[in-house]
Amino acid sequence: MGKTLIFGHKNPDTDSIGSAIAYADLKTKLGKDVEAVRLGAVNGETQYALDYFGVAAPRLVEQVAGETSDVILVDHNERQQSVSDIDQVRVLEVIDHHRIANFETSHPLYYRAEPVGCTATILNKLYKEHGVAISKPIAGLMLSAIISDSLLFKSPTCTEEDVAAARELAAIAGVDSAVYGLDMLKAGADLSDKTIAQLISLDSKEFSMGGKKVEIAQVNAVDPNDVLSRQAELEQALSAIIAEKGLDLFVFVVTDILNNDSIALALGGSAHAVEKAYDVKLADNKAVLKGVVSRKSQIVPVLTDTFNSL
C-alpha cells in the first residue's frame, strides 16, 4: 500500500531532514518507489541549507499507516522518537548513528548503524557502494548535515570519516565548508523570533534511562543569555511538559557554538542526576557543562550510566 516513506526523528534537525532527502534520492535512482517526509517543523538552520541549495522541504506527516505499509528510518531508531503509529507499519531499513534502544521488529530488516558523527556520512558510503553519483544539491544537504551534527567539526562525535566525507561533499557542492558552515550555524542560532514552545521543541528527544523517563532538548546559540534571559517562562513550560508526559527529568541544554560549552537547565524529580553525572551543583536549576556540546555522546550516555547506578 503506497510508496515507502523515509523519515528522521520528531523535532527534526538538519541530519534528519537532509538524510531523508538524500536517501530518498538514492533509493529513487535505484528504482525504488519512495518519498522523504518529515515529522516536525523545519528549523532555521535546516531552512537555510534547503534555501541555499534550492531543495524543497519534505511534506509534514503526523501518521503514516493510513498511506503506507512500509517505512525506512534515518537518524533514529528509538520508538518514542519516531512517528506515533510506527507500530502499525513495517520498518524495512534503518540508517543511523545513535545508540540502539527500545527497538524491535517482527520481520528481518536492513540495519546500518555506524559510530560516526552523522547519518549523512553513512549515506555517502552507500552512494559509493551502489555506484551512484551525488548531485550538487544533495551533496550540499549532506554536507550541511555533517556540519550541523559535528558543530563544524568541533564536536567529540566527529570522526575522521565525517571530515573526509565533508571534504568530498563540499567539493561536489562547490562551497567552502568553513565559510558556509559558520553562516549556516549562525542562521540556526538566531533564536530572537522563537516562542518558548518553539525553543523547547526545536530539537527535543525522549529517552528511557534506568527506568526513568527523560527528555533532553538542545538549542545552539551565539549568546546563551539570549535564551536564558527567558528562564522563568522556560521553567513554566518545562514544568507543564513534565506533568503532561510524566517525565522524571527534563534537561534543556543551551550550547554556545563559539565557546563550545553548554548551560543545562534541569527540572523534575530526578534533576539531582545531572549534578551527579557532571559533578556540578545546580544553582537556580542551572549548571555550566564545560566542553559539553554533544547530546549523543556527552549527555545521553553519561546520564544513562548515572540513572543505572542510582
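Please read these numbers as outputs of a predicted model, since none were measured by experiment.
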### Message
For residues L92 and L73: do they belong to one hydrophobic cluster (side chain heavy atoms under 4.5 Å, members Ile, Leu, Val, Met, Phe, Trp, Tyr)?
### Response
no
### Query
Within the distance-only criterion (no hydrogens, no angle test), does the side chain of S208 pair as donor or acceptor with the backbone N or O of G211 below 3.5 angstrom?
no
### Task
Please check if the side chain of D85 supplies one atom and the backbone of A65 the other of a donor-acceptor pair under 3.5 Å.
yes
### Message
According to salt bridge (charged side-chain N to carboxylate O under 4.0 Å, His left out), who are the partners of R38, at least two apart in sequence or on a separate chain?
### Response
none
### Query
Less than 4.5 Å apart, any side-chain heavy atom of L141 and any of L50?
yes
## Note on the structure
Of all heavy-atom pairs linking N43 and P12, the shortest is ND2-O, 3.7 Å
### Task
Could you please spell out the steps behind the salt bridge (Lys or Arg N to Asp or Glu O under 4.0 Å) verdict for E93 and K32?
CA-CA 13 Å; E93 302 182 32; K32 305 298 183 182; over 6 Å; no
### Summary
Taking every heavy atom of A24 against every heavy atom of V34, the minimum-distance pair comes out as O-CG2, 3.5 Å
### Task
Under the salt bridge (charged side-chain N to carboxylate O under 4.0 Å, His left out) rule, collect the residues that match up with K212, sequence neighbours excluded.
none
### Task
Take K290 and D261 through the test salt bridge (Lys or Arg N to Asp or Glu O under 4.0 Å) and record every step on the way to the result.
CA-CA 5 Å; K290 297 294 293 183; D261 294 324; 3.0 Å; yes
### Message
Please tell me whether V55 and I138 are part of a single hydrophobic cluster in this structure, the criterion being side-chain heavy atoms less than 4.5 Å apart.
### Response
yes
### Message
Do N225 and S229 pair up side chain to side chain, a donor and an acceptor below 3.5 Å, judged on atom types alone?
### Response
no
Taking distance alone, no hydrogens or angles, what donor-acceptor pairs closer than 3.5 Å link side-chain atoms of residues 172-182 to residues at least two apart or in another chain?
unit_1	atom_1	unit_2	atom_2	d
D176	OD1	A178	N	2.9
D176	OD1	V179	N	3.3
Y180	OH	S144	OG	2.7

### Query
Which atom names give the shortest non-hydrogen contact between V83 and Q63, and what distance separates them?
CG2-CA, 3.9 Å
#### Entry: Note: E35-R59 ion pair, threshold 4.0 Å (strictly below)
yes
#### Entry: Sequence-distant partners of E129, salt bridge (charged side-chain N to carboxylate O under 4.0 Å, His left out), two or more places apart
R112
## Note on the structure
One should read off an interatomic distance between S82 OG and D75 CG, to the nearest 0.5 angstrom, of 11.0 Å
### Query
Is the closest side-chain donor-acceptor distance between E62 and S84 under 3.5 Å?
no
### Message
Grouping I, L, V, M, F, W and Y whenever their side-chain heavy atoms are under 4.5 Å apart, do V222 and V253 come out in a common cluster?
### Response
no
### Query
From Q81 CD over to S204 OG, what is the distance, rounded to the nearest 0.5 angstrom?
9.5 Å
#### Entry: Qualifying residues under side chain to side chain contact (heavy atoms under 4.5 Å, CB included), relative to T157, sequence neighbours excluded
S155, S294, K296, S297
### Task
Give every residue pair that meets the salt bridge (Lys or Arg N to Asp or Glu O under 4.0 Å) criterion with at least one member in residues 147-161, sequence neighbours excluded.
K125-E161
### Task
Using atom types as modelled and distance alone, determine if a side-chain donor or acceptor of D96 lies under 3.5 Å from a backbone N or O of T119.
no
### Message
V132: which residues meet the side chain to side chain contact (heavy atoms under 4.5 Å, CB included) condition with it, sequence neighbours left out?
### Response
L26, K29, L30, Y127, H130
### Task
Using the side chain to side chain contact (heavy atoms under 4.5 Å, CB included) rule, take Q236 and E233 through it: C-alpha gap first, then chi angles, then the decisive distance, then the call.
CA-CA 5 Å; Q236 183 178 8; E233 295 174 85; 5.5 Å; no
### Query
Under 3.5 Å, is there a donor-acceptor pair between the side chain of D25 and the main chain of I21?
no
### Message
Taking transitive links into account, so neighbours of neighbours count too, which hydrophobic residues share a cluster with I200 at under 4.5 Å side-chain distance?
### Response
L191, I196, L199, L202, V219, V227, L228, L234, L238, I241, I242, L247, F250, F252, V254, I263, L265, L267, V288
### Message
To the nearest 0.5 Å, what is the distance between OG1 on T304 and CZ on F207?
### Response
8.0 Å
### Set of salt bridge (charged side-chain N to carboxylate O under 4.0 Å, His left out) partners for D284, sequence neighbours left out
K286
### Query
Which residue pairs pass the ring-ring contact (aromatic ring centres under 6.0 Å, His included) test when at least one of the two sits in residues 79-107, sequence neighbours left out?
F103-Y111
### Task
Please report the C-alpha distance between E168 and K128 in whole Å, then the side-chain angles of each, then the deciding distance to 0.1 Å, and finally whether the salt bridge (Lys or Arg N to Asp or Glu O under 4.0 Å) criterion is met.
CA-CA 12 Å; E168 295 173 6; K128 292 179 181 178; 2.8 Å; yes
### Query
Is L123 reachable from V91 through a run of I, L, V, M, F, W or Y residues, each pair having side-chain heavy atoms under 4.5 Å apart?
no
### Query
Say you draw a straight line from CG of L143 to CG of L169; how long is it, rounded to the nearest 0.5 Å?
6.0 Å
### Message
Atom CG of residue position D33 - does it have more than 12 heavy atoms of other residues, nucleotides or ligands inside 6.0 Å?
### Response
yes
### Message
Within the structure provided, determine whether I17 and P58 are in side-chain contact (heavy-atom separation under 4.5 Å).
### Response
yes
### Query
According to a 4.5 Å side-chain heavy-atom criterion applied to Ile, Leu, Val, Met, Phe, Trp and Tyr, with indirect links allowed, do F7 and L126 form part of one hydrophobic cluster?
no
### Message
Donor-acceptor pair, distance only, cut-off 3.5 Å: does the side chain of T68 make one with the backbone of V64?
### Response
no
### Summary
Looking only at heavy atoms, the pair that brings S270 and F307 closest together is CB-CE2, 3.6 Å
### Task
Of all the heavy-atom pairs spanning Q231 and N285, show the shortest one and how long it is.
NE2-CB, 4.5 Å
### Query
Looking only at atom types and distance, does a side-chain atom of D256 sit under 3.5 Å from a main-chain N or O of S262, one as donor and one as acceptor?
no
### Query
For T14, does its backbone N or O pair with a side-chain atom of T46 as donor and acceptor, under 3.5 Å?
yes
### Query
Sub-3.5 Å donor-acceptor pair from the side chain of E215 to the main-chain atoms of V251, do we have one?
no
### Message
For E104 and R79: C-alpha separation, side-chain torsions, deciding distance, then whether salt bridge (Lys or Arg N to Asp or Glu O under 4.0 Å) applies.
### Response
CA-CA 9 Å; E104 62 180 24; R79 287 182 174 270; 6.0 Å; no
### Query
Who pairs with D305 by side chain to side chain contact (heavy atoms under 4.5 Å, CB included), at least two apart in sequence or on another chain?
none
### Query
Using 4.0 Å as the upper bound for N to carboxylate O, is an ion pair formed by E206 and K245?
yes
### Message
For S150 versus I146, what's the shortest heavy-atom pair and its separation?
### Response
OG-O, 2.7 Å
### Query
Measuring from D203:CG to E45:CD, what's the distance to the nearest 0.5 Å?
9.0 Å
#### Entry: Interatomic spacing from OH in Y278 to OG1 in T306 - rounded to 0.5 Å
7.5 Å
### Message
Would K205 and I216 count as a side chain to side chain contact (heavy atoms under 4.5 Å, CB included) here? Give the steps.
### Response
CA-CA 6 Å; K205 294 182 178 180; I216 304 171; 5.9 Å; no
### Query
Would you say the side chain of L151 lies within less than 4.5 Å of the side chain of T255, judging by non-hydrogen atoms?
yes
#### Entry: Partner set under side-chain hydrogen bond (donor to acceptor under 3.5 Å, both in side chains) for T121, not counting sequence neighbours
D162
